[in-house]
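Only one structure is covered here, and it is reproduced in the block below.
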Amino acid sequence: MPEETKSPVPPPPEGDKPSAPKAAAPEKPAAPAKPAGPAPVPWDSPLTARLKQRYGSGITPSTYLGQNYMVADSSLIPELLEVLRDEEKFDYCVDLTALHYPNREKQFDLVWILYSFAANERIRVKTMIAEGAAVPTSTSVWPATNWLEREVFDMFGIRFTGHPDLRRILLPEDWKGHPLRKDYGIIQQDQEWVKINLGIESGQ
Amino acid sequence: MSDPTTYISHLELGEPDKTYLDSNELIINMGPQHPATHGVLRVILKLDGEKVLGTECVIGYLHRGVEKIAEHRTYAMFNPYVDRMDYVAAVSNGLGYCEAVEKLLNIEAPPRANYIRVILTELNRLASHQLWLGTHALDIGAITPLFYLFRDREEILKIFERYCGARLTTHAFRIGGCQYETYDGFERDVENFIAFARPKIDEYEGLLTGNRIWLERTRGVGRISADDCKALGVTGPVLRASGVKWDLRKAKPYAAYAEMNFEIPTGVNGDTYDRYLVRVEEMRQSLRILEQAVAKIPEGPIMAKIPKVLKPPVGEIYHSIEAPKGELGYFIVSDGSTQPYRLRVRPPSFVNLQALDLMVRGQLVADVIAVIGTLDIVLGEVDR
């Protein structure tokens, strides 16, 4: 379905544009001149001051739409997470997920969403990692990340070193490919697996 | 917490005189086709006689890849898909998704829409808890409650049907508010339902709360401590039954919950019985919320002004709500186009199911059924 990814407004055909409408064209987008979307602003708090003091430029705390997050250097994982749990009381790991940016040098973003029951505060910790790089597991920090890391491994192929049982969780264990990567098509599947296990040419 | 990767064997128990042949260790499959797993959940049980030594959940049978689908749909097109995750609480799924996208767009639903959302979400919480209680009791061997609860749940589904034409996968909300104005007599229907449901909850309790068999089967079964809950990320009634007074409707109020008066019921022992009591009390609190919401529902528009083509600015948002099963979160990353760059669903059932192993280890195999029931999982949401 390549047409789905296209923008809904097709670009006007090139070349045969008369000059008169061209002059009027710049006025049209000026009328609904939307304010530029809100931008992330630096996040300053006693918590970030303490972390800044310890890690310096290793972390970049920001706020976007009232939500706090920090981009951390991947070498700080899992130490930073341990500090957040033990010293800053982020005792509940809400979620762990990943994002794929195929055109970036470090292709993956890992995102931990953390919550502190004591402070009723939610933050996100983000780190960038390259394709093929392994990340130390955080199962020793929050056992909840056991299945979450397995899901990230399943969907993105990111390896977590030290994970007690790093296997696929939602897809069959012998499936090939990691579906949530951007280069994995929406109707793509492991044809060989489907043929062997379901006995049909395609699952569609 | 015990290390889930090691299994206890006779030798480790310090019984060197026992040989391998004395061991009763048995590995059996429960599911994926099993009526008490509430869907297609396969649990591999390692048993010593009737005692559970360890479990492993095999999931993914219902995996449809909704997160991948989301990347190929516009924001509005993806809305009906979320109903198919937790299909017994479709309204909650829709609420979480719509609110997350609204936050990303930096818009707010009008007050009337928020009240309609609260009413339908609470009705759905009741329906979800009713379905849970009926099937959970059935699993344990009490057949009667199932009929009572399905009969009463029908009244809620009728209100849904009158409101939006669908009973289960309602697609009740839109990004920016609600599509439909309430029908004539909506408030009266909800009020009638409240009057109808209140004595019914006492009736369920009359069947179960003091029932000797129910007590024997649920008290002390599947205990989990508050610390273990937090460490495992377990939320919802399971966390509250372990004594943590935490509910996102209070902790991070959304929709119109800040204007509602209600209590957060908590348990003490964190066992199956306490979780039952917490959910029953939650039903009563839902009725309280419904009463207030219907009385205070304001007049006004039901849709915020939103552009025809939704293009959230580049950015990301995490928004979560208290679904009947726990914290249901949406993490949406926008690249400024009409489709999400990435949409992550934080499913409460998936995370809660992880606690199964800890809760049943050392218990009897019959308790596994009780614990799966008490976790209140929906496999459509576990697998997505």
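Keep in mind that the numbers below use all heavy atoms, side chains included, and drop hydrogens, waters and symmetry copies. In the text below, chain A, chain B and the rest are named by the order of the sequence lines, each starting its count at 1. Everything numeric in this text was worked out from a predicted model, so none of it was measured.
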| Can you tell me how far OG of A:Ser116 sits from NZ of B:Lys230, rounded to the nearest 0.5 angstrom? |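 That separation rounds to 9.0 Å.
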| message | Does either side chain, that of B:Trp246 or that of A:Tyr115, offer a donor lying less than 3.5 Å from an acceptor on the other one? | response |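 Their side chains do contain a donor-acceptor pair, which is all the 3.5 Å distance test asks for.
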| field | Non-hydrogen side-chain atoms of B:Lys68 and A:Gln188 separated by less than 4.5 Å | value |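 Not in contact.
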| request: Check whether any side-chain heavy atom of A:Leu170 sits under 4.5 Å from a side-chain heavy atom of B:Arg384, and report yes or no. | output: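 SC-SC contact between A:Leu170 and B:Arg384 confirmed.
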| field | Which atom of A:Pro143 lies closest to which atom of B:Ala231, heavy atoms considered | value |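 Heavy-atom minimum between the residues: CD-O, 3.3 Å.
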| Which heavy-atom pair separates A:Tyr64 from B:Gly315 by the least distance, and what is that distance? |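 Heavy-atom minimum between the residues: CE2-CA, 3.6 Å.
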Toward chain B, the part of [X] with a non-hydrogen atom under 4.5 Å:
X        : value
A:Glu121 : backbone
A:Arg167 : side chain
A:Phe117 : side chain
A:Leu171 : side chain
A:Val141 : neither

| query | Would a distance-only check, ignoring hydrogens and angles, find a side-chain to backbone donor-acceptor pair under 3.5 Å from B:Gln354 to A:Ala144? | reply |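 Yes: the side chain of B:Gln354 pairs with the backbone of A:Ala144.
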| query | Salt bridge or not for A:Glu151 and B:Arg344, using N-O below 4.0 Å? | reply |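 Yes, this pair counts.
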